[in-house]
Amino acid sequence: MAYFPMFVDMTERECLIVGGGNVAYRKVIVMLDFGAKVTVVAEDICDELRKLTIDDIASEDKTSSYTANKENRITFIKRRFERKDCDGMEMVIAATDDNALNHEIAEYCKAKDIMVNAVDQKADCSFIFPSYIKEKNLVAAFSSGGNSPVLTQYLKGKEQEILTPFLGELNEYMGQIREKVIAQYDTEAERKRVFKEILSAAIYNGRIPEI
């Protein structure tokens, strides 16, 4: 089954990640990269997650919940998962090493119409994570429908040759001038021509035009 490609604004949206291992850490980093507010529920967390705390106080010294970074975008809750943890979340990621628990979390979320991903359990997912490249707001993503992560990683490697940091900067510039171009040119055809000329010139010269 092919998954529908949909880009979602996760800025300040609530995301629950159940699990404290390396897999959970990788999902935390992805969700923070896209601006989500992340809650991690786990009885213990790995060193990588522990390093996200402001004061480097080890999680085992904490007994309940605590916020772990200055932007208030990560909260760790040190205990076993409870179903109520999912309530109010817009996205849930089950990233424990217990397949039965991941399945339970997924079933609960589906019944509550909460988007859920159970890591490496395709049948339990209502969405999957693609391989992606992100340069500022410019994002390219690849999905094999869960069939072949190796293939999507191959495609990601090929795309990285094209989607460079320069294009990320260029995309930011195009966003900055967009309203000005729209106001200056009346027709869609004229605007498209101007944008294409700017794009071609920037790529040819290898530099971002001055505003």
Side-chain angles (χ1 to χ4, degrees), residues 1-8 10 13-53 58-60 62-69 73-134 141-157:
M1 178 183 70
Y3 286 79
F4 177 69
M6 179 175 67
F7 288 87
V8 179
M10 288 301 297
R13 294 193 177 187
E14 298 287 348
C15 173
L16 171 68
I17 298 179
V18 184
N22 291 326
V23 174
Y25 167 73
R26 291 196 293 272
K27 300 306 182 187
V28 167
I29 295 301
V30 170
M31 298 315 300
L32 291 179
D33 193 25
F34 286 90
K37 295 185 71 172
V38 177
T39 298
V40 177
V41 174
E43 293 182 87
D44 192 18
I45 59 174
C46 64
D47 289 341
E48 287 79 5
L49 279 171
R50 190 171 290 116
K51 290 173 184 175
L52 295 177
T53 59
S59 64
E60 52 264 30
K62 306 288 187 177
T63 56
S64 55
S65 66
Y66 63 102
T67 298
N69 74 335
R73 287 180 50 216
I74 316 172
T75 298
F76 291 113
I77 300 177
K78 185 188 175 187
R79 60 163 167 73
R80 290 181 60 84
F81 165 80
E82 299 175 6
R83 288 188 172 192
K84 65 180 182 180
D85 296 330
C86 299
D87 297 342
M89 295 293 168
E90 298 194 48
M91 179 180 291
V92 173
I93 301 164
T96 77
D97 56 4
D98 184 336
N99 289 351
L101 176 57
N102 290 344
H103 175 72
E104 176 190 335
I105 294 168
E107 289 295 294
Y108 181 81
C109 289
K110 289 176 181 178
K112 294 284 188 175
D113 290 326
I114 302 169
M115 295 288 288
V116 62
N117 175 274
V119 176
D120 291 333
Q121 294 174 222
K122 179 181 174 182
D124 287 322
C125 297
S126 59
F127 76 96
I128 61 174
F129 280 86
S131 292
Y132 75 92
I133 306 166
K134 181 174 179 286
F142 306 93
S143 168
S144 65
N147 293 332
S148 180
V150 171
L151 178 56
T152 57
Q153 287 294 322
Y154 169 79
L155 292 171
K156 176 180 176 180

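All values derive from a computational prediction rather than experimental measurement. Counting begins at 1 with the first residue of the sequence. Just the heavy atoms: all of them, side chains too, but no hydrogens, waters or symmetry mates, feed the values below.
Cys86 is listed as a side-chain neighbour of Phe81, based on a closest heavy-atom distance under 4.5 Å. Using a 4.5 Å heavy-atom threshold, the side chains of Lys122 and Asn147 count as touching. Proximity of Met31 to Met10: side-chain heavy atoms (C-beta onward) are separated by under 4.5 Å at one or more points. Within the 4.5 Å cutoff, the side chain of Cys15 has heavy atoms near those of the Ile93 side chain. Contact of the Leu52 side chain with the Ile74 side chain is registered, since non-hydrogen atoms from C-beta on lie closer than 4.5 Å. Contact check for Asp33 versus Val30: no side-chain heavy atoms found under the 4.5 Å cut-off.
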Walk me through whether Ile29 and Glu48 qualify under side-chain contact (heavy atoms from CB on, under 4.5 Å).
CA-CA 10 Å; Ile29 295 301; Glu48 287 79 5; over 6 Å; no

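Within the cation-pi definition used here (under 6.0 Å to the ring centroid, within 45° of the axis), Lys51 does not qualify as a partner of Tyr25. A cation-pi arrangement is not found for Lys156 relative to Phe142, the charged atom failing to lie both closer than 6.0 Å to the ring centre and inside a 45° cone about the ring normal.
Judged as a side chain to side chain contact (heavy atoms under 4.5 Å, CB included), and not counting sequence neighbours, the contacts of Asp87 are Lys84, Tyr108, Lys112. The side-chain hydrogen bond (donor to acceptor under 3.5 Å, both in side chains) check on Asp47 picks up Arg50, with sequence neighbours excluded. Every residue was checked against the side-chain hydrogen bond (donor to acceptor under 3.5 Å, both in side chains) condition with Thr39, not counting sequence neighbours, and none meets it. Remark: Lys110 engages no residue in a salt bridge (charged side-chain N to carboxylate O under 4.0 Å, His left out) (not counting sequence neighbours). When the ring pair (Phe, Tyr, Trp, His ring centres under 6.0 Å) test is applied to Tyr3, no partner is found at least two apart in sequence or on another chain. Partners of Glu104 by side-chain hydrogen bond (donor to acceptor under 3.5 Å, both in side chains), not counting sequence neighbours, listed by chain and number: Arg83.
No donor-acceptor pair closer than 3.5 Å links the side chain of Asp44 to the backbone N or O of Gly20. The main-chain N or O of Cys125 is never found under 3.5 Å from a side-chain atom of Asn117 such that the two would form a donor-acceptor pair.
Atom CZ of Phe7 sits about 11.5 Å away from atom OH of Tyr132, to the nearest 0.5 Å. In this structure, CD in Glu90 is found 11.5 Å from NZ in Lys37, a value given to the nearest 0.5 Å.
Considering Val41, Val92, Ile105, Val18 in turn, Val41 is the only one that fulfils the side chain to side chain contact (heavy atoms under 4.5 Å, CB included) rule with Asp85.
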